[in-house]
Amino acid sequence: MKKFLAMAMASVMVLGVVGCSSSSSDSADETEETEGEETDELDGVEATAGENGVLVMGCSADFPPFESYADDAQTIEGFDVDMMEEICSRLGLELEIVDMNFDSVVIAVQTGKIDVGVSGITITEERQENVNFSDSYYTAAQSILVPQDSEITGYQQLVDGDYTVGVQLGTTGDIMASEALGDRVNQYEKFSDALAALLAGKIDCMVLDTGVADAFAAANDLVVLDENFGTEDDIEYYGIAVAKENTELLDEINAALADMKEEGFFDELNAKYSE
Ligand code: ARG
């Protein structure tokens with residue numbers, strides 16, 4: 001299983017790099033600033049709240065091992081997908097997955113384009129103003145990912161230096177890094193683009209969620225620093241985002257999650273996806 005996962009992740013890496021090299025051919029800056037484009041993926045997509053037996057989940061499929069493309073470059077797989085498949089089977093629903101930019105996921109839930117946002121989303125007070133979150137299903141922190149030969153040694157030294165950082169737009173890593181480092185932060189719509197920039201030497205490091213940093217490091221011969229970005233208190237909890245008015249669905253999801261936790265489902269899932 002380990003091997004399979006590593007291979008799946010490696011293939012996603014390759015996709016990401018290919019995707020970036022074709023879009024950044026004219027200028028190095030092109031991938032750095034996001035234009036807040038409309039997500040075409042959402043054309044014709046509509047939340048159904050399970051009414052027709054389908055639950056529409058939105059995610060940014062650039063986040064192994066939580067959600068990323070399988071070898072066929074079409075199927076989205078990972079921890080979040082397995083969890084939602086299980087929840088849906090318990091609720092008697094069929095899961096449909098839509099890939100979008102991360103900064104669109106919460107808005108898509110709020111505006112009823114999708115039923116649930118499941119994308120390694122950290123529960124934050126700001127996001128809670130717009131959507132409800134299920135009980136937490138995973139704990140993370142922000143890691144610093146660097147090339148093998150990097151001079152970056154730790155959090156404070158990164159802050160004090162003049163290093164550049166790549167983040168995914170709208171993530172907690174983006175918010176924390178932008179606050180600490182200002183315009184030394186380059187925002188990318190997809191993590192695959194940030195990773196491509198790091199591998200091409202356009203940025204000095206990336207700030208991103210721990211498990212995903214480990215996956216990127218393993219697949220691309222990079223290093224995750226021992227020290228996290230921020231302080232020991234900067235712990236994050238992932239939750240499933242549901243529209244404020246959709247309280248019935250939220251209750252059903254929480255009940256399923258509680259049963260799954262009790263039955264050891266997450267122990268199995270953690271074992272499946274840990275290195
Ligand atoms: N946990 C972080 C956040 O909520 C990053 C999530 C990014 N997810 C993704 N699928 N790209 O901001």
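When reading the values below, keep in mind they use all heavy atoms of this one structure, side chains included, and skip hydrogens, waters and symmetry mates. Residue numbers count from 1 along this sequence. For ligands, and for the atoms within them, numbers begin at 1 and follow the listed sequence. Everything numeric here is computed off the predicted structure, so don't read it as measured data.
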Run the contact test for G120 against ligand 1 with a 4.0 Å cut-off on heavy atoms, strictly below, and give the result. yes
Ion pair check, K202 and D193, cut-off under 4.0 Å: no
Nearest protein heavy atom to atom 11 (N) of ligand 1, by residue and atom, and its distance? Q168 OE1, 2.7 Å
Report the part of F191 (side chain from C-beta onward, or backbone N, CA, C, O) that has a heavy atom under 4.0 Å from ligand 1; answer both or neither where that applies. side chain
Output every pair passing side chain to side chain donor-acceptor pair (under 3.5 Å) with a member in residues 255-267, not counting sequence neighbours, ordered by first then second residue. R90-E263
Do the two ring centres, one from Y237 and one from F133, sit under 6.0 Å apart? no
Counting non-hydrogen protein atoms only, what is the nearest one to atom 12 (O) of ligand 1? Give residue, atom name and distance. T172 N, 2.7 Å
For ligand 1, which atoms sit closer than 4.0 Å to a heavy atom of S119? 6 (C), 7 (C), 8 (N), 9 (C), 10 (N)
So the atoms of ligand 1 within less than 4.0 Å of a heavy atom of Y238 turn out to be 1 (N)
Evaluate whether atom CD of E227 has more than 12 neighbouring non-hydrogen atoms of other residues, nucleotides or ligands under 6.0 angstrom away. yes
Consider side chain to side chain contact (heavy atoms under 4.5 Å, CB included). Of N130, N132, V131, which one does K244 pass it with? N132
Short list, please: which atoms of ligand 1 are under 4.0 Å from a heavy atom of I121? 4 (O)
What I want to check is whether the side chains of N270 and Y138 have a donor and an acceptor closer together than 3.5 Å. no
For residues 172-181, which side-chain N or O atoms pair as donor and acceptor with protein atoms under 3.5 Å away, sequence neighbours left out?
from: T172; atom 1: OG1; to: Q142; atom 2: NE2; distance (Å): 3.2
from: T172; atom 1: OG1; to: E236; atom 2: OE1; distance (Å): 2.9
from: T172; atom 1: OG1; to: E236; atom 2: OE2; distance (Å): 3.2
from: D174; atom 1: OD1; to: S178; atom 2: OG; distance (Å): 2.9
from: D174; atom 1: OD1; to: Q187; atom 2: NE2; distance (Å): 3.2
from: D174; atom 1: OD2; to: G170; atom 2: N; distance (Å): 2.9
from: D174; atom 1: OD2; to: Q187; atom 2: NE2; distance (Å): 3.1
from: S178; atom 1: OG; to: D174; atom 2: O; distance (Å): 2.9

With heavy atoms and a 4.0 Å threshold, my read on which part of D62 contacts ligand 1 is side chain
Could you verify whether a donor N or O on one side chain and an acceptor N or O on the other, from D82 and Y273, lie under 3.5 Å apart? yes
Residue selection (non-hydrogen contact nearest atom 4 (O) of ligand 1) among E236, E67, R127: R127
With heavy atoms of D209 as the reference, note each atom of ligand 1 found under 4.0 Å away. 1 (N), 2 (C), 5 (C)
If we number the atoms of ligand 1 from 1 as shown, the ones under 4.0 Å from a heavy atom of T171 are 5 (C), 7 (C), 12 (O)
Based purely on interatomic distance, does Q142 place a nitrogen or oxygen under 3.5 Å from a nitrogen or oxygen of ligand 1? no
